[in-house]
**Q** 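Take a look at this one; I'll ask things after.
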Amino acid sequence: MELGLLFERHMKTKILLAVFLSCIYTVAWAGSFSYESLTADSLCMQSSYDKAKARHEDRVEEFLECFPKTFREFSAVFGYGGGAFQNKSIISDTALVYGYLDLFFDLNKEKENYTALFTIALNGRWEVDAVNYYRHKLKSFINNDPKIAAKSLSSFSHEHLQSFWLYYFDGPSLPKEIPLEVQRLKVESQQVYIVASDIFDYYRKVYVSDTSS
């Protein structure tokens with residue numbers, strides 16, 4: 001998809017009134033998953049967490065299987081506002097909510113299943129609390145392992161790369177220069193870096209325009 005069109009669609013979504021945005025999400029996600037199924041997955045993560053953290057292999061597999069696979073599921077389970085359901089999940093306010101994310105990253109890194117760390121961001125948008133913490137974990141991973149990060153992101157289609165970076169740079173503020181951890185990707189993958197740079201430049205233009213108006 002053309003970058004300008006994808007970005008325009010993303011920005012239009014960002015400026016919709018919350019009530020209309022909620023309606024769009026509810027309609028768009030209807031039938032793709034249910035509140036009951038996400039509650040079951042949340043209970044599954046709760047019950048498997050301690051033993052998965054202790055590396056009991058059966059519970060490791062169970063925890064990873066129950067962890068959200070897409071951003072809409074992730075937002076509904078971990079998001080402060082409950083995502084599509086506008087209803088907080090049973091784990092969104094628990095003391096361990098960040099622990100679940102830490103364990104998700106640790107287990108996938110140990111299994112060298114790196115792509116799973118990035119795919120949740122596709123079609124995502126910035127949110128507070130746990131959703132923001134997920135982006136923090138991504139930033140830390142890219143900074144510490146740029147070669148692995150670049151290899152994982154290189155497996156994405158061009159459109160998925162655009163979608164990933166739209167989530168990555170989304171939020172209430174934006175630095176003046178492309179972040180250093182993203183710059184480190186340039187020597188690992190020109191393809192990944194160019195898409196990141198293009199998305200960042202679009203955001204800078206919009207951000208400067210908004211703050212100067």
Side-chain angles (χ1 to χ4, degrees), residues 10 13 18 21-142 148-149 152-153 155-157 160 163-164 166-168 170-171:
H10 181 80
T13 300
L21 184 61
S22 298
C23 291
I24 290 173
Y25 286 147
T26 301
V27 172
W29 298 355
S32 60
F33 56 85
S34 68
Y35 184 75
E36 290 75 15
S37 67
L38 292 180
T39 298
D41 286 342
S42 298
L43 288 169
C44 170
M45 281 188 286
Q46 280 187 321
S47 65
S48 61
Y49 174 77
D50 286 335
K51 290 188 175 180
K53 190 175 181 180
R55 302 306 190 265
H56 291 226
E57 188 57 33
D58 57 334
R59 290 308 181 97
V60 166
E61 295 300 329
E62 183 179 352
F63 180 86
L64 291 175
E65 180 62 30
C66 296
F67 201 91
K69 304 297 188 296
T70 65
F71 182 82
R72 54 180 178 247
E73 294 172 354
F74 178 76
S75 176
V77 171
F78 288 95
Y80 179 79
F85 299 106
Q86 304 176 50
N87 186 19
K88 295 181 182 180
S89 74
I90 60 174
I91 67 171
S92 62
D93 278 339
T94 64
L96 286 175
V97 66
Y98 298 111
Y100 293 136
L101 283 165
D102 289 336
L103 184 60
F104 173 74
F105 270 76
D106 289 344
L107 294 177
N108 277 298
K109 286 191 289 186
E110 289 171 14
K111 291 179 172 293
E112 299 184 359
N113 187 22
Y114 304 113
T115 304
L117 304 177
F118 296 90
T119 52
I120 291 175
L122 299 182
N123 302 311
R125 68 188 189 282
W126 181 86
E127 296 177 19
V128 298
D129 297 338
V131 177
N132 185 54
Y133 185 66
Y134 166 62
R135 186 173 66 171
H136 166 75
K137 296 291 291 186
L138 286 174
K139 289 184 175 183
S140 178
F141 184 83
I142 292 173
I148 294 175
S152 300
L153 289 169
S155 68
F156 285 4
S157 68
H160 281 176
S163 180
F164 174 82
L166 282 169
Y167 165 78
Y168 192 87
D170 195 15

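Just so we're clear, the structure is a prediction, and the values are computed from it rather than from any experiment.
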**Q** Can you tell me how far apart CZ (Phe74) and CG (Leu101) are? Round to the nearest 0.5 Å.
**A**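 Separation between the atoms: 4.5 Å.
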**Q** Could you report the tightest heavy-atom contact between Val97 and Ala130, atom names first, then the distance?
**A**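 Taking Val97 first and Ala130 second, the nearest heavy atoms are CG2-CB, 4.0 Å.
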**Q** Go through the structure and list residues passing side chain to side chain donor-acceptor pair (under 3.5 Å) with Tyr168, not counting sequence neighbours.
**A**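 Tyr168 satisfies side chain to side chain donor-acceptor pair (under 3.5 Å) with Glu181 once adjacent residues are dropped.
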**Q** For Ser48 and Cys44, work out which heavy atoms get closest and say how close.
**A**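 Shortest heavy-atom separation between Ser48 and Cys44 comes out as OG-O, 2.8 Å.
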**Q** Measuring from atom CZ of Phe105 to atom CG of Leu117, what distance do you get when rounded to the nearest 0.5 angstrom?
**A**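 Reported to 0.5 Å precision, the distance equals 5.0 Å.
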**Q** How long is the gap from SG on Cys66 to OH on Tyr100, to the nearest 0.5 Å?
**A**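 Those atoms lie 11.0 Å apart.
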**Q** Counting C-beta onward and ignoring hydrogens, is there a side-chain heavy-atom pair between Val77 and Met45 closer than 4.5 Å?
**A**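 Of all side-chain heavy-atom pairs linking Met45 with Val77, at least one is under 4.5 Å.
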**Q** State, with a plain yes or no, whether a side-chain heavy atom of Val131 is found less than 4.5 Å away from one of Trp126.
**A**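 When only atoms from C-beta onward are counted, Trp126 and Val131 do not touch, as no gap falls below 4.5 Å.
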**Q** With Asp41, which residues qualify under side chain to side chain donor-acceptor pair (under 3.5 Å), at least two apart?
**A**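 None.
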**Q** Report the residues that fulfil ring-ring contact (aromatic ring centres under 6.0 Å, His included) with Phe156, sequence neighbours left out, ordered by chain and then residue number.
**A**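 Expected list: none.
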**Q** What pair of heavy atoms forms the shortest contact from Glu127 to Gly79, and how long is it?
**A**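 Between these two residues, the closest heavy atoms are OE1-CA, 3.8 Å.
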**Q** With side chains defined as the heavy atoms from C-beta onward, is the minimum distance between Leu138 and Phe164 less than 4.5 Å?
**A**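 Sidechains of Phe164 and Leu138: in contact.
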**Q** At what distance, to the nearest 0.5 angstrom, does CG of Asn123 lie from CZ of Phe71?
**A**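 Spacing of CG (Asn123) from CZ (Phe71) equals 9.5 Å.
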**Q** Assess whether atom NZ of Lys51 is packed by more than 12 heavy atoms of other residues, nucleotides or ligands within 6.0 Å.
**A**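 No, not enclosed.
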**Q** Would you compute the distance between atom CZ of Phe67 and atom CZ of Phe63 and round it to the nearest 0.5 angstrom?
**A**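 Taking CZ in Phe67 and CZ in Phe63, the distance rounds to 5.5 Å.
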**Q** Enumerate donor-acceptor pairs with a distance under 3.5 Å from any side-chain N or O in residues 52-62 to protein atoms, sequence neighbours excluded.
**A**
{"unit_1": "Arg55", "atom_1": "NE", "unit_2": "Glu110", "atom_2": "OE1", "d": "2.9"}
{"unit_1": "Arg55", "atom_1": "NE", "unit_2": "Glu110", "atom_2": "OE2", "d": "3.2"}
{"unit_1": "Arg55", "atom_1": "NH1", "unit_2": "Lys53", "atom_2": "O", "d": "2.8"}
{"unit_1": "Arg55", "atom_1": "NH2", "unit_2": "Glu110", "atom_2": "OE2", "d": "2.6"}
{"unit_1": "Glu57", "atom_1": "OE2", "unit_2": "Lys111", "atom_2": "NZ", "d": "2.9"}
{"unit_1": "Arg59", "atom_1": "NE", "unit_2": "Glu62", "atom_2": "OE1", "d": "3.3"}
{"unit_1": "Arg59", "atom_1": "NH1", "unit_2": "Ser47", "atom_2": "O", "d": "2.9"}
{"unit_1": "Glu61", "atom_1": "OE2", "unit_2": "Lys111", "atom_2": "NZ", "d": "2.8"}

**Q** With side chain to side chain contact (heavy atoms under 4.5 Å, CB included) as the criterion, how do Phe141 and Asn108 come out once you've worked through the C-alpha distance, each side chain's angles and the decisive distance to 0.1 Å?
**A** CA-CA 12 Å; Phe141 184 83; Asn108 277 298; over 6 Å; no
**Q** Can you name the side chain to side chain donor-acceptor pair (under 3.5 Å) partners of Ser140, sequence neighbours left out?
**A**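 Checked Ser140 against side chain to side chain donor-acceptor pair (under 3.5 Å); matches are Asn144.
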**Q** Tell me every residue that passes salt bridge (Lys or Arg N to Asp or Glu O under 4.0 Å) with Asp102, counting only those two or more places apart in sequence or in another chain.
**A**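 Residues passing salt bridge (Lys or Arg N to Asp or Glu O under 4.0 Å) with Asp102: Lys137.
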**Q** With heavy-atom distances below 4.5 Å as the criterion, would you say the side chains of Glu73 and Thr70 are in contact?
**A**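 Yes - at least one pair of side-chain heavy atoms lies under 4.5 Å apart.
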**Q** When the ring centroid of Tyr134 is compared with that of Tyr167, is the distance short of 6.0 Å?
**A**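 Distance test on ring centres: under 6.0 Å, yes.
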**Q** Looking at CZ of Phe78 and OH of Tyr98, how far apart are the two atoms once the value is rounded to the nearest 0.5 Å?
**A**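 It is 11.0 Å, given to the nearest 0.5 Å.
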